[in-house]
*Asks:* 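Quick one: structure below, then a few questions.
Scope of the values below: all heavy atoms of this structure, side chains included, with no hydrogens, waters or symmetry mates.
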Amino acid sequence: MTVIVNPEGAIRPEAVPAGTTRATLRRNFWRGVWRVLRRKPSRMAGVGIVVLFAVIGVAGPLLYPAQLPRDDNALYAPPSLAHPFGTDFEGTDVLALVVTGARYVLLTGLATAVITVALGTLIGLVAGFHRGRWDTLLMRLTDMNLAIPGLPLLLVLSTVWKFESPLEMGLVLGVLGWGGIARAVRSQTLSLRERGFIEAARGLGLPTRHIIGRELLPSMAPYIAMNMLIAVTGAVYAQVGLFFLGVLPFESNNWGVMLNLAVFNGGALTTPAALPYLLAPLIAILLLTLGIVLIVDAMDEIFNPRLREE
C-alpha cells in the first residue's frame, strides 16, 4: 500500500502495490530520458564522448605496456597512421600517452566529485533541515572550508605526499571543494522543508532520517547530479593545472604531466614539430568537457518540466 498526498494536502491510501508504482515510474523516467537525448543529436554525441572516455580510462592502459616503448630515431615524428598524434621528445607515441594518462585524470575527477557532492549534500541537508545550533555549527565549518587556500595547502602537502594514486588526489580535492555545494544544498533544503509534502510527512510521524533520505534528497537529486558532473570538470582542470605548473611531483603519467613536459621540456611553444604533443592532451580535455556540458544540458531538460513543455 502506498500513500499519496493530494494537492489540497489530504493524504489518502492508494490500492496499488508500491513496487509496481515504482517500477512504472522508473520505466517512464528512462523513456523520458531517451526521448530528451534523441531530441538533439548533440546530446547523444555528449553521451558517446563520455562513454568513450570511460572505456579509455578502464581498458586503455590494458592495451599498452607499463613502460611505453621509445624510438630514438623518431623524435617528434609527424602524425601518421602509426602515430596519429606523432611522438614526443623521447620518441614515445603521443596517443599512447593520452590513453594511458586518462585513467589517472578520470579517476581523480570521479573521486573528487563523489567526495565533494557527498560531503556537501550531507552537511547542507542536515544544516538546512535542523537549523538552530546544527545550522550555525555546520555553516561555520563550511565557511572555514571556503576560506582554506587550496593551492598553498597542496604546495605544502606535495613535499610529503607524492599523490601516486588518483584516489589520494581526489580525496584532497574533494575535502577542499565541498563548501560551495553545502551552501547551495542548504538553501534548497530551507526552501523545501516548508513545502506541503514535508509537512505531510511530519504529520504522519515519519522519522527525520526518512524525511531527509526519502523526501528531501530525491527532490534535490537533479541538482546534485548536475553538480556532480560539473565537479568532475572542475577536478580535471584543478589537477591538470597543478601538474602543469609543476606543483606536484611527476609520479604518474597524466594529461597535466604531458602539458608540462610539452611546454617546458619539449619546447612546444617554440618548436612547430612539438605542437601535436601539446595539442593532444588539450583536445582530450576539451572533448571531455564538451561531453559533460552536453549531458548537463540534457539533464536540465529532463528535470525541468517547463523546458520539456517547450
*Asks:* CG of L119 to CG of L176: how many Å apart, nearest 0.5 Å?
*Replies:* 11.0 Å
*Asks:* Quick one: list whatever passes side chain to side chain contact (heavy atoms under 4.5 Å, CB included) with I56, sequence neighbours left out.
*Replies:* L52, V99, A102
*Asks:* Check whether any side-chain N or O of N253 sits under 3.5 Å from a backbone N or O of L97 as a donor-acceptor pair, and report yes or no.
*Replies:* yes
*Asks:* Under the 3.5 angstrom rule, does the side chain of T233 hit a backbone N or O of I230 as a donor-acceptor pair?
*Replies:* yes
*Asks:* Same cluster for L242 and L107 if Ile/Leu/Val/Met/Phe/Trp/Tyr side chains link at under 4.5 Å?
*Replies:* no
*Asks:* On the 0 to 90° scale, with breaks at 30° and 60°, tag the F53-W255 ring pair as parallel, tilted or perpendicular.
*Replies:* perpendicular
*Asks:* With sequence neighbours excluded, what pairs up with R183 under the salt bridge (Lys or Arg N to Asp or Glu O under 4.0 Å) test?
*Replies:* D143
*Asks:* Check salt bridge (Lys or Arg N to Asp or Glu O under 4.0 Å) between E90 and all other residues, then give those that pass, not counting sequence neighbours.
*Replies:* R70
*Asks:* Once rounded to the nearest 0.5 Å, what's the spacing between atom OG1 of T121 and atom CD1 of I181?
*Replies:* 6.5 Å
*Asks:* Supply the atom-to-atom distance M258 CE to L278 CG, rounded to the nearest 0.5 angstrom.
*Replies:* 9.0 Å
*Asks:* Might you point out which heavy atoms bring P61 and G57 nearest each other, and give the distance in Å?
*Replies:* CD-O, 3.8 Å
*Asks:* Mark yes when over 12 heavy atoms from residues, nucleotides or ligands other than R209 sit less than 6.0 Å from its CZ; otherwise mark no.
*Replies:* no
*Asks:* Any donor and acceptor pair, going by atom type alone, linking the side chain of D88 with main-chain N or O of Y277 inside 3.5 Å?
*Replies:* no
*Asks:* Can you tell me how far CG of L279 sits from CG of L259, rounded to the nearest 0.5 angstrom?
*Replies:* 10.0 Å
*Asks:* Applying side-chain contact (heavy atoms from CB on, under 4.5 Å) between L288 and each of L106, I283, I49, report the one that passes.
*Replies:* L106
*Asks:* Short question: side chain of T112, backbone of A235 - any donor-acceptor pair under 3.5 Å?
*Replies:* no
*Asks:* Using the rule that two of Ile, Leu, Val, Met, Phe, Trp, Tyr join whenever any of their side-chain heavy atoms come within less than 4.5 Å, decide whether V114 and V58 are in one cluster.
*Replies:* no
*Asks:* Backbone N or O of G256 within a donor-acceptor pair of the N260 side chain at under 3.5 Å?
*Replies:* no
*Asks:* Side-chain contact, heavy-atom cut-off 4.5 Å: L125 with L216?
*Replies:* yes
*Asks:* Under the side-chain hydrogen bond (donor to acceptor under 3.5 Å, both in side chains) test against H83, which residue among T92, D93, D71 passes?
*Replies:* D93
*Asks:* Is it the case that one hydrophobic cluster holds both Y104 and I285, taking links as side-chain heavy atoms less than 4.5 Å apart, direct or via other members?
*Replies:* yes
*Asks:* Establish, yes or no, whether a centroid distance under 6.0 Å links the rings of F244 and F264.
*Replies:* yes
